[in-house]
Amino acid sequence: MNVELCLAWMLRFSELVDAEADRLTALDAAIGDGDHGVNMRRGMQAAVAALGESPPETPGSVLVATGRALVSKTGGAAGPLYGTGFRRAGKALTDTELASAAEVGAALVAMLAGIQDLGQAAEGDKTMVDALAPAVSAFEASAGEGLAAAAEAAAKAAAEGAVATVPLQARKGRASYLGERSIGHEDPGAASTALLLRALAEVTTES
Amino acid sequence: MNVELCLAWMLRFSELVDAEADRLTALDAAIGDGDHGVNMRRGMQAAVAALGESPPETPGSVLVATGRALVSKTGGAAGPLYGTGFRRAGKALTDTELASAAEVGAALVAMLAGIQDLGQAAEGDKTMVDALAPAVSAFEASAGEGLAAAAEAAAKAAAEGAVATVPLQARKGRASYLGERSIGHEDPGAASTALLLRALAEVTTES
Amino acid sequence: MKKLINAPENVVAEALRGMAAAHPDLAVDHENRVVSRAGGPTQGKVGVVSGGGSGHEPLHGGFVGYGMLDAAAPGEIFTSPVPDQILAATTAANGAAGVLHLVKNYTGDVLNFRMAAELAEDEDIEVATVVINDDVAVEDSTYTAGRRGVGATVFAEKVAGAAAESGTDLAGVARVAAEVNDRTRSFGVALTPCIVPTAGQPGFELGEDEVELGIGIHGEPGRRRGKLAPARELVAHAMDAVHADMPLSGSVVVMLNGMGATPLVELYVAYAEVASWLEGHGVTVARNLVGNYITSLDMAGFSVTVGRFTDELLQLWDAPVQTPALRWGR
Amino acid sequence: MKKLINAPENVVAEALRGMAAAHPDLAVDHENRVVSRAGGPTQGKVGVVSGGGSGHEPLHGGFVGYGMLDAAAPGEIFTSPVPDQILAATTAANGAAGVLHLVKNYTGDVLNFRMAAELAEDEDIEVATVVINDDVAVEDSTYTAGRRGVGATVFAEKVAGAAAESGTDLAGVARVAAEVNDRTRSFGVALTPCIVPTAGQPGFELGEDEVELGIGIHGEPGRRRGKLAPARELVAHAMDAVHADMPLSGSVVVMLNGMGATPLVELYVAYAEVASWLEGHGVTVARNLVGNYITSLDMAGFSVTVGRFTDELLQLWDAPVQTPALRWGR
Ligand SMILES: Nc1ncnc2c1ncn2[C@@H]1O[C@H](COP(=O)(O)OP(=O)(O)O)[C@@H](O)[C@H]1O
Ligand SMILES: Nc1ncnc2c1ncn2[C@@H]1O[C@H](COP(=O)(O)OP(=O)(O)O)[C@@H](O)[C@H]1O
Ligand SMILES: [Mg+2]
Ligand SMILES: [Mg+2]
Ligand SMILES: [Mg+2]
Ligand SMILES: [Mg+2]
């Protein structure tokens with residue numbers, strides 16, 4: 001992954017978030033407070049703008065800049081969580097100009113660790129972690145087959161992970177306030193994480 | 001009209017108001033503030049209670065006591081207007097124990113005058129006056145045929161007068177705030193006045 | 001109908017119980033339905049009394065206290081109080097220097113207050129009456145019952161209360177109240193109708209994209225129906241109506257009032273538009289109120305009230321006031 | 001969706017314009033989205049800062065002023081503010097004696113305030129944080145994000161603000177705020193859902209005869225759905241829930257709070273029930289608030305908050321306060 005591909009990833013993520021904002025908001029309205037789509041759109045628009053204003057030179061700095069923009073523009077739970085995740089992922093790539101599939105995998109591992117350090121959510125708590133954790137595992141398992149294949153596997157796992165949050169009872173975030181009533185709804189953060197991995201799969205297949 | 005008949009009139013008026021309260025309120029909701037039925041019910045229940053507690057000995061004092069109760073329990077525009085009307089009507093009967101049709105007619109004239117003195121409404125202003133004024137004329141015109149016939153004529157005229165308020169634009173009371181939008185609705189006070197005359201017709205025919 | 005009540009017919013009585021429990025500075029006479037100052041009337045001070053139908057809270061009971069009303073007579077929902085009740089409020093406010101009746105211009109209110117004033121005079125209480133009629137949505141002509149009294153009531157109660165507190169005599173207190181009324185105009189807009197508890201359903205139906213322009217405070221339809229529009233346009237409609245009736249210039253006191261169900265965040269959005277309308281017309285704001293002051297049950301919407309205060313009136317406005325709904329300076 | 005707004009995405013920015021216009025005692029930094037005292041921070045005084053998503057007005061901006069907050073950071077509707085913004089509020093509140101962050105316990109608020117505190121410490125501003133979590137509808141266990149912060153926030157802002165004003169140091173101000181939180185519990189009930197402007201539709205649907213029991217302040221459904229019942233029963237449900245969690249006795253401070261669209265007359269009806277529930281349980285009311293203090297946009301409903309104040313806390317409660325939404329003593 002070079003800097004262009006990483007920029008394309010962020011751009012595609014922003015596009016997908018924009019296209020799916022209403023769905024993300026509706027998911028959040030059901031078990032949260034109805035702002036996740038709007039938040040993510042605002043955050044990723046700010047990230048894309050920041051990336052456009054001072055284009056970074058390495059994939060790592062793309063992710064760090066994205067993380068910084070998300071922290072300072074998103075708000076809510078998702079802002080600090082995604083923001084920290086992106087920054088950690090970016091830092092894991094150090095100043096590599098061309099990250100291998102294995103290095104991208106390590107960055108995703110760092111992203112997950114950052115989100116879990118901050119949010120303290122375990123798998124099964126019905127959060128974005130339930131999409132990201134299986135995605136990271138799938139990515140690592142397929143990393144030997146190249147970036148596109150690994151990304152495709154990760155996207156599939158993330159999408160499945162998001163859907164698999166439906167029967168779960170939330171133990172973190174706003175949805176946890178609903179107790180058993182959180183069961184039967186897809187977690188909005190898991191849904192946006194699935195978009196993040198889908199974006200990666202799309203840009204890597206195209207390239 | 002003796003004291004019993006006059007009491008029966010008030011009782012029947014109270015019953016009719018009670019039965020028609022929702023309709024009166026609905027009429028008031030359309031062009032006023034939706035309380036006329038509730039107001040009249042509260043007022044006439046208080047009047048009936050007062051008449052029961054210290055039963056008057058003449059028709060005139062029945063009407064005065066009714067008026068006093070209406071003033072002190074009804075509120076709104078209808079309370080002072082009906083209250084004053086009843087008190088004036090009662091006073092017009094002086095201490096007669098048996099009022100002739102002509103005397104009852106004079107009492108109704110006094111009622112109308114009392115309401116008009118206080119409220120300054122002319123015929124055509126879309127108020128209770130539009131039911132009462134034709135009723136008084138009809139009563140007087142038929143007074144020679146006896147109380148029951150006169151009351152029947154008055155009830156008919158009042159009912160027609162009430163219906164005839166529908167196309168009018170209000171110039172007094174709350175409905176006047178609506179300007180042209182008051183057109184097309186029956187005036188609630190005219191409707192309750194029609195009940196007053198219907199009550200008179202019913203008790204005089206029965207007796 | 002979804003209301004936080006026990007029974008529709010008990011709303012006023014129970015709300016008065018709540019007021020009494022909430023505000024130890026108030027005395028509530030439940031039998032006569034009178035809200036007055038716990039300390040009783042101030043001897044030698046002009047008493048200031050208002051009243052009218054309930055459903056406009058905090059008006060009037062919430063404005064009883066130091067520097068504003070001495071007593072209020074709350075009627076049933078949207079139904080003016082009865083003469084005996086107004087007499088009881090007048091007595092509760094009587095410090096032997098006369099009592100001012102501030103009456104909103106509705107037939108029922110005017111008639112019941114007039115009867116009460118007669119009763120009070122029988123008891124040797126001198127009564128002066130100022131009728132408030134500031135609503136520019138209604139033409140003041142022989143074809144109507146005259147203009148409705150709306151937001152100017154809040155202004156008049158504050159100013160008259162301050163004048164009375166400062167020792168002004170009955171004629172003087174009545175004069176400043178009348179002056180406030182003469183110099184103040186209002187206009188209201190409804191986004192939704194309200195539901196009178198005992199009626200159980202709204203007085204009119206409004207589509208998702210409709211508003212009522214020129215409403216009063218009794219859930220009645222307005223002068224005409226309009227399209228739901230941005231706050232900027234609805235506010236401009238209201239301000240234009242006020243301005244057409246009483247050209248605005250110089251410095252004003254303005255109230256952006258919520259009708260009961262409109263949240264404060266929306267009132268601030270609307271107030272931003274009021275402020276910029278005024279700025280655009282070269283008018284400065286001396287003082288303002290933004291909030292629910294004279295409401296119409298659970299109606300969503302707003303009214304705007306603008307007063308061209310003299311220095312004297314502004315000084316009275318600034319005087320200390322300590323009531324449940326308006327408090328400053330102590 | 002019927003709202004008195006211009007455009008859903010501009011509600012917060014425009015409401016801040018309105019606040020700035022309405023309250024000359026406030027300074028509004030529109031770029032950073034910070035509401036602070038017009039006079040700037042008081043040197044040598046502990047700064048008290050709060051913030052969170054908008055849509056809860058008057059919380060928090062309406063509580064900025066003498067004796068309460070120094071600055072507030074209002075996020076988008078129901079979205080916690082961002083770290084830079086909270087840092088700007090912290091800087092605006094910084095009188096070189098440290099700054100207290102009062103944070104409602106929501107993941108987003110906690111995380112963003114934590115990041116802001118780190119940034120502030122980089123700038124040598126000492127920050128203490130008290131997290132408010134008083135909502136008994138949520139169990140405080142590893143199976144939830146912990147209890148939500150609701151009504152106790154108003155109490156904590158008042159008490160901490162008074163302590164700071166009196167010259168107490170940062171640790172002392174944090175201590176009284178934490179004590180208020182420890183001693184206060186809340187429970188909320190919704191009669192209707194609310195509509196987030198950018199979402200355009202309600203988060204849940206409620207039948208004409210249904211309520212949500214155990215709601216927070218973000219339009220989320222409650223712990224369970226119940227039947228619409230008389231105010232007496234809804235209040236008893238709320239009071240029982242509070243009492244089960246923190247047995248009530250002696251003397252308390254109580255707030256009967258409206259969710260935004262419930263008119264005052266209904267709040268008084270409900271408060272009468274609160275007062276009689278307390279009386280029935282041998283509890284006396286030291287102080288009370290009845291009104292809209294911490295709302296959820298245009299939701300109809302109420303929450304009740306009860307604090308078992310010590311004498312020290314009650315004294316701080318009584319200290320003068322001068323903010324747009326809470327004012328006494330000056
Ligand atoms: N502690 C946590 N760890 C990981 N993810 C979390 C945590 N809390 C919340 N989330 C995620 O954040 C999402 C909600 O984000 P968003 O709606 O933007 O913020 P908020 O809940 O503050 O409104 C949830 O759907 C969930 O996936
Ligand atoms: N000036 C008036 N003269 C005669 N009748 C009037 C006048 N004003 C109002 N009314 C009558 O009173 C009725 C309304 O009574 P009600 O609803 O009880 O009082 P309010 O209008 O105060 O709510 C109207 O329908 C009308 O018939
Ligand atoms: Mg959310
Ligand atoms: Mg009426
Ligand atoms: Mg009425
Ligand atoms: Mg949120």
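Keep in mind that the numbers below use all heavy atoms, side chains included, and drop hydrogens, waters and symmetry copies. No experiment lies behind these values; they were computed from the predicted model shown. Protein chains get the first letters and strands the later ones, always in sequence-line order, with residue 1 at the start of each.
- Using a 4.5 Å cut-off between heavy atoms, D:R114 touches chain A through its side chain atoms alone.
- A salt bridge does not link D:E220 to A:R181: none of the charged nitrogens lies less than 4.0 Å from a carboxylate oxygen.
- D:E212 touches chain A through its side chain: at least one heavy atom from C-beta onward sits under 4.5 Å away, while N, CA, C and O do not.
- Residue with the most contacts toward chain A among D:N112, D:D109, D:I215: D:N112 (heavy-atom pairs, distance under 4.5 Å).
- Across A:G75, A:A30, A:A29, the residue that shares the most heavy-atom pairs under 4.5 angstrom with chain D is A:G75.
- Comment: A:D187 does not engage A:K126 in a salt bridge, judged by the lack of any side-chain N to carboxylate O separation of less than 4.0 angstrom.
- Of residues 80-89 of chain D, those residues with a non-hydrogen atom less than 4.5 Å from any non-hydrogen atom of chain A are, in numerical order, D:S80, D:P81, D:V82, D:P83, D:D84.
- Salt bridge status for D:E205 with D:R225: absent, with no side-chain N to carboxylate O gap under 4.0 Å.
- Salt bridge present: D:E76 and D:R33 bring a charged side-chain N and a carboxylate O closer than 4.0 Å.
- Applying the side-chain hydrogen bond (donor to acceptor under 3.5 Å, both in side chains) rule to pairs touching residues 70-90 of chain A yields A:Y82-A:S192, A:Y82-A:T193, A:R88-A:D117, sequence neighbours excluded.
- Aromatic ring centres of D:H218 and A:Y177: separated by at least 6.0 Å.
- With respect to chain D, the highest number of heavy-atom pairs below 4.5 Å among A:K172, A:E180, A:Q120, A:R42 belongs to A:R42.
- Only the backbone of D:I77 has a heavy atom closer than 4.5 Å to any heavy atom of chain A.
- Between D:H237 and D:F187, a ring centre-to-centre spacing shorter than 6.0 Å is recorded.
- Ion pairing between a basic and an acidic side chain is recognised when a charged N comes within 4.0 Å of a carboxylate O; D:R147 and D:D134 show no such pairing.
- Across A:G79, A:A170, A:A77, A:G83, the residue that shares the most heavy-atom pairs under 4.5 angstrom with chain D is A:A77.
- In terms of non-hydrogen atom pairs under 4.5 Å with chain A, the most contact-rich of D:G216, D:C194, D:G203 is D:G203.
- When heavy atoms are compared at a cutoff of 4.5 Å, A:V71 approaches chain D by way of both its backbone and its side chain.
- Salt-bridge formation is detected for the pair A:E160/A:K156: a Lys NZ or Arg NE/NH1/NH2 atom is positioned less than 4.0 Å from an Asp or Glu carboxylate oxygen.
- Surrounding CD of A:E57 are at most 12 heavy atoms belonging to other residues, nucleotides or ligands under 6.0 Å away.
- Closest approach of D:I217 to D:I294, counting heavy atoms only: CD1-CD1, 3.8 Å.
- The candidate from D:G219, D:A199, D:G75, D:G222 with the greatest count of non-hydrogen atom pairs under 4.5 Å with chain A is D:G222.
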